[in-house]
Amino acid sequence: MRIILADSYKEMSIEATKIVAGQIYLKPASVLGLATGSTPEGLYDNLVAVHKTIGLDFSQVTTFNLDEYIGMAPENPQSYHYFMHRHFFDQVNVRPENIHIPDGCAEDVPAACRAYDKLIQSKGGIDLQVLGIGRNAHIGFNEPDVKFEARTHKVRLDDETIQANARFFEEEEDVPRYAISMGIKTIMLARRVVLLASGREKAEAVRKAVCGSVSPAAPASILQLHPDATIIADRAAAAELPEDCLTGEE
Ligand code: GLP
């Protein structure tokens, strides 16, 4: 696992932008796995800027988002569909037919989950997966558990996640309790993974991800087994990493 230590949120976003923009430049028909949350907002702003200033071309890019709340219609401003369109898709030239986000309103959720994994496979798999991290070390909406849930599935959100995400809603009770999330294997099958982390409240999760035991109790720790995973953390998020983790010394 490679660690890029950024001085600030801004620098973290710039480092992430270089990786994503480089991927698209080198392979214009890339399949990207995308994340929501506050953390990647700077990345999306930068990608929009690179598109508008030097014409980074998304016309052949295919995207798969990690997750969506169950019961949330795409036009609901709290939905991840809405978030992605507002922050990214509506401002670049990704083709609408190449945008994929789990359907939170699917009548048959297990069938929708299976179809999502199949669709990813049929597009040749994910080239580069962007991830954030939850305070409890979740990735996507894969909450701490006794086992790693492999494939796209229905999740019950942890109380900690509901509290953390309540800031996007008027009341905590408005936060949906269930979501559809790519599974751990879906994420691990991506050829490259880049996880962004910013802020002191992510420091413990980052430590568990980078140097804790690989365990479903800290889902992001699975990335230690990924052949091409990079964590970009700002100083606050890296605050609990031991010195040897940062220098790569044994
Ligand atoms: C959310 C999302 C995750 C995201 C995480 C952190 O619940 N499901 O994909 O990475 O929580 O969000 P934020 O970046 O806002 O801290």
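Read the numbers this way: they start at 1 and go in the same order the structure lists the ligands and their atoms. Here the structure is a predicted model, which is why all the values come from computation and not from measurement.
The nearest protein atom to atom 4 (C) of ligand 1, hydrogens excluded, is given as Thr36 O, 3.9 Å; this is a heavy-atom distance. Of the protein's non-hydrogen atoms, Ile133 O, 3.5 Å is the one closest to atom 6 (C) of ligand 1.
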Verify side-chain contact (heavy atoms from CB on, under 4.5 Å) between Asn142 and His153, making sure each step is shown before the conclusion. CA-CA 9 Å; Asn142 290 278; His153 59 291; 3.1 Å; yes
Do Met1 and His226 pass the side-chain contact (heavy atoms from CB on, under 4.5 Å) test, and can you show the C-alpha distance, the side-chain angles, and the key distance before you say yes or no? CA-CA 7 Å; Met1 185 182 278; His226 194 282; over 6 Å; no
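Every atom of ligand 1 with a heavy atom of Phe141 under 4.0 Å away is listed here by number and element: 7 (O), 8 (N). Residue Asp67 approaches ligand 1 through these ligand atoms, each under 4.0 Å from one of its heavy atoms: 2 (C), 8 (N), 9 (O). Near Gly132, meaning under 4.0 Å from one of its heavy atoms, ligand 1 places the atoms 10 (O). In the vicinity of His138, heavy-atom distances shorter than 4.0 Å reach the ligand 1 atoms 1 (C), 3 (C), 5 (C), 7 (O), 11 (O).
Counting only distance, with no hydrogens or angles, the side chain of Asn98 and the backbone of Arg95 share no donor-acceptor pair below 3.5 Å. No side-chain donor-acceptor contact under 3.5 Å links Gln129 to the backbone of Ala190. No side-chain donor-acceptor contact under 3.5 Å links Asp145 to the backbone of Phe148.
The side chain of Asn165, and not its backbone, has at least one atom closer than 4.0 Å to an atom of ligand 1 (non-hydrogen atoms only; side chain from C-beta on). Looking at Thr39 against ligand 1, both its backbone and its side chain come within 4.0 Å, counting heavy atoms. If you look at Ser38 next to ligand 1, the close heavy atoms, those under 4.0 Å, come from the backbone and the side chain alike. When non-hydrogen atoms are compared, ligand 1 lies under 4.0 Å from the side chain of Tyr80 (C-beta onward) but not from its backbone.
Between Arg167 and ligand 1, a contact under 3.5 Å exists for at least one N or O pair.
Classified by interplanar angle (parallel below 30°, tilted 30° to 60°, perpendicular above 60°), the ring pair Phe64/His100 is parallel.
Ring centers of Tyr69 and Phe168: at least 6.0 Å apart, outside the cut-off.
A donor and an acceptor atom, one from each side chain of Glu68 and His81, are located under 3.5 Å apart.
Of the candidates Ser198, Ala220, Gly140, Ala164, the one placing a heavy atom closest to atom 3 (C) of ligand 1 is Gly140.
For the pair Lys202 and ligand 1, a heavy-atom separation below 4.0 Å is found.
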